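What follows is a single structure, written as structure tokens, with notes after it.
Being a predicted model, the structure only gives us computed values, none of them experimental. Proteins come first, then strands; the chains are lettered A, B, ... in the order of their sequence lines, and each starts at number 1.
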Amino acid sequence: MARILITSAIPYINGIKHLGNLVGSQLPADLYARYCRARGHEVLFLCATDEHGTPAELAAAKAGKPVAEYCAEMWEVQKGLSDGFRLSFDKFGRSSSPQNHALTQHFAGRLAEAGLIEERTERQVYSNADGRFLPDRYIEGTCPNCGYERARGDQCENCTKQLDPTDLIEPRSAISGSTDLEVRETKHLYLKQRSLRGELSAWIDGKADWPVLTTSIARKWLNDGDGLQDRGITRDLDWGIPVRKGTEPWPGMEGKVFYVWFDAPIEYIACAKEWSDANGEPDAAWERWWRTDKGADDVRYVQFMGKDNVPFHTLSFPATIIGSGEPWKLVDYIKSFNYLNYDGGQFSTSQGRGVFMDQALEVLPADYWRWWLLSHAPESSDSEFTWENFQASANKDLADVLGNFVSRVTKFCRSKFGEAVPEGGAYDAPEAAVIAALEERLESYQRHMEAIEVRKAATELRAIWVIGNEYLQEAAPWAVFKTDPARAAAIVRFSLNLIRFYAAISAPFIPDAAAAMLEAMGSEAGWPEDVNAALEALPEGHGFTVPENLFRKISDEERADWAARFAGTR
RNA sequence: GGGCCUGUAGCUCAAUUGGUUAGAGCAGAGCGCUCAUAACGCUUUGGUUGGGGGUUCGAGUCCCUCCGGGCCUACCA
């Protein structure tokens, strides 16, 4: 039994996430959390909404709402969708929580005391019409290089040249279109990451077991050009965590807030306090997960994220933690994912292209999505969602291989023996062979789950389901029943136990179907640490019910309808 | 421009890190079964591992080069 802290990259607040976002962090994190719990480990699984920054302010303005109200509403929406996908967070917090305000300000204060904060005055573009400073990419204009008229202030999408906003010809606000722009001086705090470069580099070098995707991105940032750069950690915005030095005001920084990427990772910690506060527990309850001086020494901390998040989790956040000089827990393993594309292109919010979390649940229950997404997780490279693939995978793996197994066993039993585990007969060589095969496969499945090799685990799980069908074909209780009913009873009894076994080990992938299987078997099921014993768990005479079909088939018509519906508007 | 990842059967992916004849699932073909959601099982056809060159007793794996796909490049998050 170990203690495992799991965090998923926190989704940004400004809208409903698509399936690519889901499979890149929250879903595999949930898979791992459920598995670890099932194996008896103590797990704290945290996620939250990432609420600060320019896009949140703009989305709120577009919705005609105060930003706090907008975020609160969107938190409810995202929480509902998390529940809908059965994401088993112990706490789904908010980066705007009072806990995060206090902790973020605390970290800033500690970093300042450590001499790791520097004030810099810089020049930024201010839009009088919008009444705000504009981030580079919120400024549009004509590219001086290629003449493209919708180049952004950070880079021209057309010729890919990197730009400075002041390079643009006829610059305008991407928000309002206003050309009433001026360059103003503004003062910001910088985290002196350069002075932590050696420590960070050594730390990353020690992580030989991390995915290449994770370490190569980190090394790139550490070593590229002049090496790791200092990072601005404040912004001129209204919505955010006010800049304070601990609990004290920060002279000269009035009216400014911390940069969203400074406070968002700190929410991983603050979320733990949100969790314990909500349960009415003392700080010791969350500190034992996060403070190595207060019990977190033996915690294994695993983070899940898409590859775009890697620099912040391998460098910025560790810099914050290390720089604080306090004994906070550093991440032990980072599992990062590539992107999921949609049918030949990218998911696109603006074009309504692809399937978003709310739409997915309108179309089919969570388990269908969980299974497809996890069994096709973009681990080694970007992967692609197509409806043909989704249909084939759901119909074959879920409906035919697993669902139909449950159906044929329970219905056969009901027709020949009634709705109770048949009595009589005994397990024999075929059952022993199946148990041996299951033990081998289960061990492999567990290895993959522990290594967080998601696709391999899914492949192994499917192979375990197939064993049930192979066994039935071989044992043929429908034929044996005619000459040796007692032997047929033993075969069916074994098969019913297989259903319970499958429920237990499949639950991390498809929790609802697993629950339905267990309910039908009238049983609870822990992890089958002893396969032999697990297949004798349902005793003779134990009542069960024949469940509704666990999974329905996706028809060609539905597939075509959905493909058209989600193809996008442009 | 620079860096990183990637290219294996019609499709989605493996291949114990250089080791025998490159394997699975889906799709296709044949056979079997009839309990089951027209489901299941068995057998089987598919490969010049993107092209070319090199190192090695031996290369999908290492090196060079060319071609294709993707990502990142620090003020979106």
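Residue A:K220 places its side chain closer to B:C72 than to any other of B:A77, B:C72, B:A14. Of all nucleotides listed (B:C13, B:C40, B:C76), B:C40 comes nearest to the side chain of A:N404. Distances from the side chain of A:K553 to the nucleotides B:A39, B:C75, B:U12 place B:A39 closest. Checking B:C75, B:G41, B:A77 against every side-chain atom of A:P135, the shortest atom distance belongs to B:C75. The side chain of A:P55 sits closest to B:C76 out of B:C76, B:U37, B:C42.
For the pair A:K192 and A:Y190, the cation-pi test (distance below 6.0 Å, angle within 45°) is failed.
Across the C1' atoms, B:A15 and B:U21 are found 14 Å apart, a figure rounded to whole Å. For the P atoms, the distance from B:G53 to B:U61 is 14 Å, rounded to whole Å. Comparing B:U17 with B:G60, their C1' atoms sit 12 Å apart, to the nearest whole Å. The P atoms of B:C11 and B:G50 are separated by 13 Å, rounded to the nearest whole Å. For the C1' atom pair drawn from B:U45 and B:C31, the interatomic distance equals 15 Å after rounding to whole Å. Comparing the same atom, C1', in B:A22 and in B:U48 gives a spacing of 13 Å after rounding to whole Å. With both ends at atom P, the span from B:C67 to B:G10 equals 25 Å, rounded to whole Å. Comparing B:G28 with B:C4, their P atoms sit 43 Å apart, to the nearest whole Å.
Nucleic acid contact class of A:F405 (heavy atoms, under 4.0 Å, all strands): none. If you check every strand for non-hydrogen atoms under 4.0 Å, A:G468 touches nothing. Within the nucleic acid shown, A:T459 has no heavy atom closer than 4.0 Å to any nucleic acid atom. Residue-level contact check: A:G53 touches the backbone only, with heavy atoms under 4.0 Å from sugar-phosphate atoms and none from bases. Contact annotation for A:E388: no contact, since no heavy-atom pair falls under 4.0 Å across all strands. A:D308 comes within contact range of at least one nucleobase, with a heavy-atom separation under 4.0 Å. Note on A:V406: nothing from the nucleic acid sits closer than 4.0 angstrom, heavy atoms only. Residue A:N549 is in base contact, counting any heavy-atom pair closer than 4.0 Å across all strands shown. Nucleic acid contact class of A:Q229 (heavy atoms, under 4.0 Å, all strands): base.
Here B:U73 presents its C1' atom at 13 Å from CZ of A:R152, a figure rounded to the nearest Å. Atom CG in A:N395 sits about 13 Å away from atom P in B:C26, given to the nearest Å. The CE-C1' distance, from A:M74 to B:A77, rounds to 15 Å in whole Å. In this entry the distance linking CG of A:L461 with P of B:G25 reads 16 Å, nearest Å. For A:L374 and B:U12, the CG to P distance is 19 Å, given to the nearest whole Å. Nucleotide B:G70 holds its C1' atom 17 Å from the CD atom of A:E379, rounded to whole Å. As rounded to whole Å, 12 Å separates atom P of B:G25 from atom CD of A:E460. A straight line from CD of A:Q391 to C1' of B:U12 spans 15 Å, rounded to a whole angstrom.
At B:A74, none of the side-chain N or O atoms of A:R231 fall inside 4.0 Å of OP1 or OP2 (strictly under the cut-off). For the OP1/OP2 pair of B:C72 and a distance below 4.0 Å, the side-chain nitrogens and oxygens of A:Y339 include at least one atom meeting the criterion. OP1 or OP2 of B:C4 has not a single side-chain nitrogen or oxygen of A:R219 nearer than 4.0 Å. Dashed line: the shortest gap from a side-chain N or O of A:K396 to OP1 or OP2 of B:A39 is not under 4.0 Å. Between A:K456 and B:A24, a side-chain N or O to OP1/OP2 separation shorter than 4.0 Å is absent. A:K307 has no side-chain polar atom (N or O) that falls below the 4.0 Å cut-off from OP1 or OP2 of B:G70. OP1 or OP2 of B:C26 has at least one side-chain nitrogen or oxygen of A:R462 nearer than 4.0 Å. Distances shorter than 4.0 Å separate none of the side-chain N or O atoms of A:Y471 from OP1 or OP2 on B:C40.
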Side-chain donor-acceptor pairs of residues 468-475 of chain A under 3.5 Å, sequence neighbours excluded:
from   : atom 1 : to     : atom 2 : distance (Å)
A:N469 : OD1    : A:R408 : NH1    : 2.8
A:N469 : ND2    : A:V401 : O      : 3.0
A:Y471 : OH     : A:E431 : OE2    : 2.5

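With sequence neighbours excluded, the residues forming a side chain to side chain contact (heavy atoms under 4.5 Å, CB included) with A:A151 are A:C143, A:Y148, A:C156, A:L163, A:L168, listed by chain and number.
Put simply, the side chain of A:Q473 and the base of B:C42 share no donor and acceptor less than 3.5 Å apart. Side-chain atoms of A:W221 and base atoms of B:A74 include no donor and acceptor less than 3.5 Å apart. Side-chain atoms of A:E122 and base atoms of B:C75 include a donor and an acceptor less than 3.5 Å apart.
In this structure, A:R132 does not pair ionically with A:D238, as no charged nitrogen and carboxylate oxygen lie closer than 4.0 Å. By the 4.0 Å N-to-carboxylate-O rule, A:D205 lies close enough to A:R219 to be salt-bridged with it. Comment: A:E140 does not engage A:R152 in a salt bridge, judged by the lack of any side-chain N to carboxylate O separation of less than 4.0 angstrom.
Anti is the classification of B:G23, since its glycosidic angle lies more than 90° from 0. Look at B:U17: its glycosidic torsion is within 90° of 0, and that puts it in the syn range.
Residues A:F551 and A:W371 keep their aromatic ring centres 6.0 Å or farther apart. Aromatic pair A:F385/A:W372: centroids less than 6.0 angstrom apart. In this structure, A:F417 has its ring center under 6.0 Å from that of A:F481.
Of the two residues contacting RNA chain B, namely A:I10 and A:D397, the nearest-nucleotide position lying further toward the 5' end is that of A:D397. A residue-by-residue look at A:W478 and A:Y190 shows that A:W478 has its nearest nucleotide of RNA chain B further toward the 5' end.
A stem is defined here as three or more consecutive Watson-Crick or G-U pairs, each with both distances under 3.5 Å; for RNA chain B these stems are B:1-7 with B:67-73, B:10-13 with B:23-26, B:28-32 with B:40-44, B:50-54 with B:62-66.
Tested against A:K335 for a side-chain hydrogen bond (donor to acceptor under 3.5 Å, both in side chains), the candidates A:E453, A:E379, A:Q303 yield a single pass: A:E379.
A distance of 14.0 Å separates OH of A:Y259 from CD1 of A:I241, quoted to the nearest 0.5 Å. Rounded to the nearest 0.5 Å, atoms CD1 (A:I139) and CD1 (A:I175) are 9.0 Å apart.
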